[in-house]
Amino acid sequence: MTRSVHLSLDINTRRHELAVEPRVTLLDALREELGLTGTKKGCDQGQCGACTVHIDGKRVLACLTLAAQAEGKAITTIEGLSTTSGDLHPVQQAFLDHDAFQCGYCTPGQIMSAVACIREGRAGSEDEIREYMAGNLCRCGAYNHIVAAVRDAAEAAR
Ligand code: FES
Ligand code: FES
């Protein structure tokens with residue numbers, strides 16, 4: 001049996017202590033160990049984007065990140081995007097306003113990616129949004145609405 005490692009992860013500005021095998025991904029640590037099930041697993045191979053979270057403000061795929069690699073860094077998940085008083089992040093609100101989801105399974109990853117996409121300055125036009133959101137697959141085909149939501153949120157952020 002592989003020995004567990006003790007990790008201390010800073011998630012949504014809260015410190016979480018956990019003991020996991022070194023092979024455990026950040027995605028599984030969030031979902032299975034910490035009960036933060038907003039981050040989704042669509043493929044576990046880096047191909048769908050459903051597991052997108054932020055590490056130190058940058059979007060990363062939690063299925064291709066070991067939990068141990070995230071130690072000492074600031075992790076943000078979909079659960080940490082709204083304010084503590086429960087106000088939605090502008091991108092969350094824009095997704096609601098534009099019906100930018102159906103089943104909702106890709107949505108946490110889409111939203112985390114969109115927040116980063118805007119921050120990266122990659123939301124200047126519809127084409128640019130499509131390109132820089134292309135790492136997030138949506139089987140419900142909500143792409144047109146997602147682009148509209150990201151566009152609105154990007155304009156509001158300017
Ligand atoms: S679950 Fe990580 S990219 Fe699909
Ligand atoms: S809303 Fe269902 S996969 Fe995107």
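For reference, positions follow the sequence shown, starting with 1. Whatever order the structure lists ligands and atoms in, that order sets their numbers, starting from 1.
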Hey, what else clusters with Tyr132 if you join Ile, Leu, Val, Met, Phe, Trp, Tyr whenever side-chain heavy atoms sit under 4.5 Å?
none

Using a 3.5 Å cut-off and no angle test, enumerate the donor-acceptor pairs between side-chain atoms of residues 38-50 and protein atoms at least two apart in sequence or in another chain.
residue, atom, partner, partner atom, Å
Lys40, NZ, Thr37, O, 2.8
Lys41, NZ, Asp28, OD1, 2.9

With side chains defined as the heavy atoms from C-beta onward, is the minimum distance between Cys117 and Arg122 less than 4.5 Å?
yes

Atoms in ligand 2 with a heavy atom of Cys140 nearer than 4.0 Å:
1 (S), 2 (Fe), 3 (S)

What are the atoms of ligand 2, with element, lying closer than 4.0 Å to any heavy atom of Cys138?
1 (S), 3 (S), 4 (Fe)

Atom indices of ligand 2 within 4.0 angstrom of Arg139 heavy atoms, with elements
3 (S)

Within the 4.0 Å heavy-atom shell around Cys106, which atoms of ligand 2 are there?
1 (S), 3 (S), 4 (Fe)

For residues 63-75, dump all side-chain donor-acceptor pairs below 3.5 Å to protein atoms at least two apart in sequence or in another chain.
residue, atom, partner, partner atom, Å
Thr65, OG1, Leu61, O, 2.8
Gln69, OE1, Leu66, N, 2.6
Glu71, OE2, Ser8, N, 2.8
Lys73, NZ, Gln69, O, 3.3

Assess, by modelled atom type and distance only, whether the side chains of Thr76 and Asn12 contain a donor and an acceptor separated by less than 3.5 Å.
no

Everything protein-side that's N, O or S and under 2.8 Å from atom 4 (Fe) of ligand 1: list it, residue and atom.
Cys43 SG, Cys48 SG

The closest protein heavy-atom partner of atom 1 (S) of ligand 2 is Gln102 N, 3.2 Å

Atom 2 (Fe) of ligand 2 reached by Cys103 (N, O or S, under 2.8 Å):
yes

Over all heavy atoms of both residues, which pair between Thr52 and Gly109 is shortest? Give the atoms and the distance, please.
CB-O, 3.8 Å

I need the atoms of ligand 2 closer than 4.0 Å to a non-hydrogen atom of Gly104, numbered in the order shown.
1 (S), 2 (Fe)

Residues Glu21 and Arg23 bridged, charged N to O under 4.0 Å
yes

Any donor-acceptor N or O pair under 3.5 Å, side chains Arg59, Ser113
yes

Mark yes when over 12 heavy atoms from residues, nucleotides or ligands other than Arg158 sit less than 6.0 Å from its CZ; otherwise mark no.
yes

